[in-house]
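In what follows, a structure is listed as structure tokens, so that the remarks can point back to it.
All residue numbers refer to positions in the sequence shown, counting from 1. What's counted below: heavy atoms across the whole structure, side chains too, no hydrogens, waters or symmetry copies.
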Amino acid sequence: MIALSLSNIGFSVGVKDIIRGVSFSIEEGDKLAVIGVNGSGKSTLLRMICGEYTPTEGTVYIARDKTVGILEQDDAFKISNEGDNTVLSQMYAAFPQLVRDEGTLLRLEAEMKNAGEDELMRLSGEFERINSRYIQGGGLHYKSRAKSLLVSLGFAEGTHGLSIESLSGGQRTRLALARLLFSEPDILILDEPTNHLDTDTMLWLESHL
């Protein structure tokens, strides 16, 4: 089944053609490397695939049920509004619904302690509904997965509470990669993902992919 296809894609700036006549398709499970010299339009092509740029000619097709995630070259890491700005909470932000559900469950638990009989029944029903969604969405395991992934990408456990502002550019790029891998998009686009990775981490990433 085709997950992604490009048909005669082109991108121009004024009279200058950056990309012309690019066509290919990717089926589920495929892996594709885009190789070229600096300035040949690789990043532009990837940004057209994920919708950041609009092609000046041709079409991009993405299967309706597929999600797309991209790690841009030297990603500065876009801070999420979900939770605070620590390394670990920004990983959790890859699953905002789970974060919100967790907060709701804690609130409902507190309210049920002091609720009357009728109110308790209503709150219990709401708790059961949200808790079921939370479990099905991976709520019981996502925090341990986040920590494990961080360690694999070079963030020792003692760094998980650091603020984003205290990280170096390389650390922020690695965190962006960790959060993207954690979210598990159907179509994963990585623009020079080995920037700022040491040899052991590169080998881990190769195995993970």
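The backbone N or O of I164 sits less than 3.5 Å from a side-chain atom of R172, completing a donor-acceptor pair. The backbone N or O of M91 sits nowhere less than 3.5 Å from a side-chain atom of R179 that would complete a donor-acceptor pair. Side-chain N or O atoms of H160 include one that pairs as donor or acceptor with a backbone N or O of F155 at under 3.5 Å. Side chain of S152 to backbone of S148: a donor-acceptor contact under 3.5 angstrom is found. In terms of modelled atom types and a separation under 3.5 Å, the side chain of T104 and the main chain of R100 share a donor-acceptor contact. At distances below 3.5 Å, not a single donor-acceptor pair connects side-chain atoms of S132 with backbone N or O atoms of R129. S12 places no side-chain N or O within 3.5 Å of a backbone atom of V15 that could act as its donor or acceptor partner. Under the 3.5 Å distance criterion, the side-chain polar atoms of T194 are left unmatched by any main-chain donor or acceptor of L197.
Counted within 6.0 Å of CE on M202, heavy atoms from surrounding residues, nucleotides or ligands total more than 12; the atom is thus considered enclosed.
Both the sub-6.0 Å distance and the 45° axial angle are not jointly satisfied by R145 relative to the ring of F182.
Residues F24 and V68 are members of one and the same hydrophobic cluster, defined by side-chain heavy-atom contacts under 4.5 angstrom among Ile, Leu, Val, Met, Phe, Trp and Tyr. In this structure, I19 is a member of the same hydrophobic cluster as V13, with clusters built from ILVMFWY side-chain heavy atoms closer than 4.5 Å.
Ring geometry, Y142 versus Y134: the interplanar angle exceeds 60°, so the pair is classed perpendicular (tilted spans 30 to 60°).
Contact check on R122 versus E126 returns a salt bridge, with a Lys/Arg side-chain nitrogen under 4.0 Å from an Asp/Glu carboxylate oxygen. Between D191 and K42, none of the side-chain N atoms (NZ, or NE/NH1/NH2) sits under 4.0 Å from a carboxylate O, so this pair counts as no salt bridge. Ion pairing between E72 and R47 holds under the 4.0 Å rule for side-chain N and carboxylate O. A salt bridge is absent between R107 and E102; no separation between the charged side-chain nitrogens and carboxylate oxygens falls under 4.0 Å.
Residues L209 and L188 form a side-chain contact, since some pair of their non-hydrogen atoms from C-beta on lies under 4.5 Å apart. Contact annotation: the side chain of L6 approaches that of L45 to within less than 4.5 Å [non-hydrogen atoms, C-beta and beyond]. Side-chain atoms of W204 and L153, non-hydrogen and from C-beta on, do get closer than 4.5 Å to each other.
Of the inter-residue distances, the one linking L180 atom CG with L175 atom CG reads 11.0 Å to the nearest 0.5 angstrom.
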**Study point:** Intermediate values then yes/no, side-chain hydrogen bond (donor to acceptor under 3.5 Å, both in side chains), S163 and N85
**Key:** CA-CA 6 Å; S163 68; N85 67 344; 4.9 Å; no
